[in-house]
Amino acid sequence: MASIEPLVQRLSSFSHIKQLQAHLITTGHFTFLPSRSKLIELCAISPFGNLHYATEIFCQIQTPFKNDWNAIIRGFARSNEPKISITYYQNMFRKAKNPDALTCSFSLQACSRFLGVFEAKQIHSHIVRFGFTADDRLVTTLLDVYAKTSDLISARKLFDEMPSRDRASWNALIGGLAQGDQPKEALDLFKGMKFEGLKPDEITVLGSISACSQLGSLPEGETVHSYIKESNLDKNVQVCNALIDMYYKCGSVDKACDVFRSMGCRKSLVSWNSMIMGLGMHGHGPDAMKLFNEMSQTGIRPDAITYLSALCACNHAGLVSEGLSLFKSMESSGLKPNVKHYGSIADLLGRAGRVKEAYEIIKSMPSKPDIVLWQALLGACKTYGEVELAEIASRALVELGSHSCGDFVLLSNTYAAHERWDDVGKVREAMKSKAVKKIPGFSFITIKGSIHKFVNGDQDHPDWRDIYKKIDEISLRINSMGYAAETSFVLHDIGEEDKENVLWYHSERLAVAYGLISGGGDGKPIQVNKNLRICVDCHVVIKLISKIYNREIIVRDRARFHHFKDGACSCGDYW
């Protein structure tokens, strides 16, 4: 090994590796275990190696040793076919060769790449069986696999059982919780990590920022940002990009802009794309287009995501001519529109009432329209009462195998708006026969760090009586201003008074009412998140609430943000 190590340092091509192999064979050193294993490793993982050739060398060995197995397993773990690593790992057992800690580590790295939680559990049992649990780095690798495969129960159990935890262990669990369904727990860990004297790094804060984005919690996001500035981590471009994304998802596009501007000349393509998308989601279409044009002057070339972000901005702001012009300019920029670009432009036309043009765009696509495209058209048909096109879109969705409850509900609502109750009945029968259930609407609001969730007509909240009293008070005050409920959007065959009652207890109104009675007169915006699109009548009511109570209200629905202030909304009543 001492004689070939200097040669290894000088290798720079695959032909050099083959020359080294020839040297080992002619000098009789190929059978020498360290040299042979090093050769397989070079073929398997070096930038100029050849994994197929490494496999051929490995297969020529009659009795591979542990280092030979480790080299080939490591090679496949880093390849485009990581699952093959597990095949070699299992074959190693069949040959009566017990793994060492490195074998388990390389195999777990493969599991992490193809999300093989079942295989990881098998390796976990071997780690316990062969006594490798004291290897902190190996246990952290296992923890990372559990976190990435969303087996958060196993990840947390493993973490809690670790006698000593380093920064990598904390980062693995924080990242897994943030990407999974436990963002609040991820932020608790971030605080706990600091309490235990470990200093969070870039990876830690990226996981914590992601958790804030999921929660939509601006105060938590600001806390993490404060730590980032104190620790001088705001010089990291990836961290700044994550902050831009977090701030606009938490409802503060102004703070997102502050981070973006503070980056100066360090802005990457991702920075520009995130900021354009953020401005668009908040209804600042003209500003997004201005930024798009500014980007071209900096020398950074827009990519397909940049164009999609700009098209979405046009979509949310109703900038039809700008969107069409942008769509046409893609070809001249050397970019071919994909199905998402076509979907955005079809949605833009559909929302503007140009439903037939949207249908023509879909028909003109070079590739087959996907489910999302037809759903966008169906949504436009429901809004503008295009029954025939709604039926065409619905049939296309069925042919594509879509069983989304939203598809059936949109068609049913289109029929209901025209009082075609027999057709509504047929759609609902089809839903029953296919066991399709409507996704219930819900909203949530964070008050003093606690999340409060509401569903339509909710009476499970401990303060529901006070909330309903506030709803009655709101009703009296906005009725005195001439408000009349928009009951045409309550698509049930029931009386007018019943329709009004259905509207008054929508989840977003309950959340806003709770925000009013819980937030007092602190003047801070009331922020509500909703899983579906806000309905037309709730949109009108919340605009009036913002004026009467002199409070800014931010509602993040499925598609965008609505900033209600002084009786107006940032969307300009276009969403």
Side-chain angles (χ1 to χ4, degrees), residues 37-38 40-46 49 51 54-55 58 64-180 182 186 189 201 203-204 206-207 210:
S37 300
K38 187 68 177 179
I40 296 171
E41 184 181 293
L42 283 168
C43 283
I45 67 170
S46 70
L51 186 55
T55 308
F58 181 83
F65 283 85
K66 199 172 291 181
N67 284 0
D68 299 323
W69 288 101
N70 286 352
I72 199 70
I73 289 170
R74 186 185 184 191
F76 275 105
R78 295 186 173 192
S79 73
N80 294 327
E81 300 177 287
K83 202 165 187 178
I84 295 177
S85 284
I86 306 304
T87 304
Y88 277 98
Y89 181 83
Q90 292 165 342
N91 287 342
M92 185 178 179
F93 270 88
R94 293 191 188 103
K95 302 278 186 179
K97 292 286 182 184
N98 291 336
D100 60 12
L102 280 176
T103 321
C104 294
S105 179
F106 297 148
S107 301
L108 285 171
Q109 289 171 29
C111 293
S112 176
R113 295 194 60 212
F114 72 87
L115 305 180
V117 67
F118 175 75
E119 292 82 357
K121 285 181 183 293
Q122 288 184 314
I123 298 168
H124 187 177
S125 70
H126 298 155
I127 290 170
V128 174
R129 175 181 166 189
F130 296 113
F132 301 146
T133 52
D135 188 327
D136 291 340
R137 292 184 68 181
L138 177 59
V139 176
T140 298
T141 304
L142 176 61
L143 171 60
D144 184 60
V145 178
Y146 281 141
K148 285 179 179 174
T149 54
S150 299
D151 187 354
L152 299 179
I153 294 173
S154 297
R156 188 62 197 245
K157 185 173 184 293
L158 193 64
F159 179 83
D160 291 338
E161 290 172 352
M162 291 177 73
S164 62
R165 298 184 285 256
D166 60 9
R167 189 185 288 115
S169 310
W170 288 85
N171 287 350
L173 187 56
I174 289 171
L177 293 169
Q179 294 302 318
Q182 298 181 37
L189 270 183
D201 61 6
I203 297 171
T204 322
L206 285 170
S210 174

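A distance of 11.5 Å separates CG of Asp144 from SG of Cys111, quoted to the nearest 0.5 Å. Of the inter-residue distances, the one linking His124 atom NE2 with Leu158 atom CG reads 5.0 Å to the nearest 0.5 angstrom. Rounding to the nearest 0.5 Å places CH2 of Trp69 at 10.5 Å from CD1 of Ile40. Residue Leu142 holds its CG atom at 12.0 Å from OG of Ser107, rounded to the nearest 0.5 Å. Ser150 OG to Gln182 CD: the interatomic distance, rounded to the nearest 0.5 Å, is 10.0 Å. One finds the CG atom of Leu173 at 5.0 Å from the CG atom of Leu189 (value rounded to the nearest 0.5 Å).
Partners of Thr103 under the side chain to side chain donor-acceptor pair (under 3.5 Å) rule, at least two apart in sequence or in another chain, are Asn70, Asp100. Phe93 is linked by a ring pair (Phe, Tyr, Trp, His ring centres under 6.0 Å) to Tyr89, His126, counting only residues two or more places apart in sequence or in another chain. Asp151 is linked by a salt bridge (Lys or Arg N to Asp or Glu O under 4.0 Å) to Lys121, counting only residues two or more places apart in sequence or in another chain. For Leu138, the side-chain contact (heavy atoms from CB on, under 4.5 Å) partners at least two apart in sequence or on another chain are Ala101, Cys104, Ser105, Leu108, Ile127, Phe132, Asp135.
Under the 4.5 Å side-chain criterion, counting only non-hydrogen atoms from C-beta, Lys66 is in contact with Met92. Using a 4.5 Å cut-off on side-chain heavy atoms (C-beta onward), Leu102 and Asn67 make no contact.
Contact between Gly176 and Ala147 at its shortest, heavy atoms only, is CA-CB, 3.6 Å. The nearest pair of heavy atoms linking Ser37 to Asp68 is OG-OD1, 2.8 Å. Across every non-hydrogen atom of Ala54 and Ala44, the tightest pair is CB-N, 3.9 Å. The two residues Val145 and Ala120 have their closest heavy-atom pair at CG1-CB, 3.6 Å.
Annotation: side chain to side chain donor-acceptor pair (under 3.5 Å) contacts involving residues 160-178, sequence neighbours excluded, comprise Asp136-Ser164, Thr140-Ser169, Arg156-Asp160, Lys157-Glu161, Asp166-Ser169, Asn171-Asp201, Asn171-Thr204.
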Exercise. Side chain to side chain contact (heavy atoms under 4.5 Å, CB included) between Gln179 and Lys148: does it pass, once the steps are laid out?
Worked result: CA-CA 8 Å; Gln179 294 302 318; Lys148 285 179 179 174; over 6 Å; no

For this session: Might you work through the side chain to side chain donor-acceptor pair (under 3.5 Å) test for Gln109 and Thr141, ending with a clear yes or no?
Result: CA-CA 7 Å; Gln109 289 171 29; Thr141 304; 5.4 Å; no

For this session: Might you work through the side chain to side chain contact (heavy atoms under 4.5 Å, CB included) test for Tyr146 and Val117, ending with a clear yes or no?
Result: CA-CA 7 Å; Tyr146 281 141; Val117 67; 4.2 Å; yes

Exercise. Are Gln90 and Gln122 close enough, and set up right, to give a side chain to side chain contact (heavy atoms under 4.5 Å, CB included), and what steps lead you there?
Worked result: CA-CA 10 Å; Gln90 292 165 342; Gln122 288 184 314; 4.1 Å; yes

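Annotation: Ile203, atom CD1; neighbour count of heavy atoms from other residues, nucleotides and ligands within 6.0 Å does not exceed 12. Dense packing is recorded around NZ of Lys97, with more than 12 heavy atoms of other residues, nucleotides or ligands lying under 6.0 Å away.
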N/O donor-acceptor pairs under 3.5 Å from side chains in residues 72-82, not counting sequence neighbours:
{"unit_1": "Ser79", "atom_1": "OG", "unit_2": "Phe76", "atom_2": "O", "d": "2.8"}
{"unit_1": "Ser79", "atom_1": "OG", "unit_2": "Glu81", "atom_2": "N", "d": "3.0"}

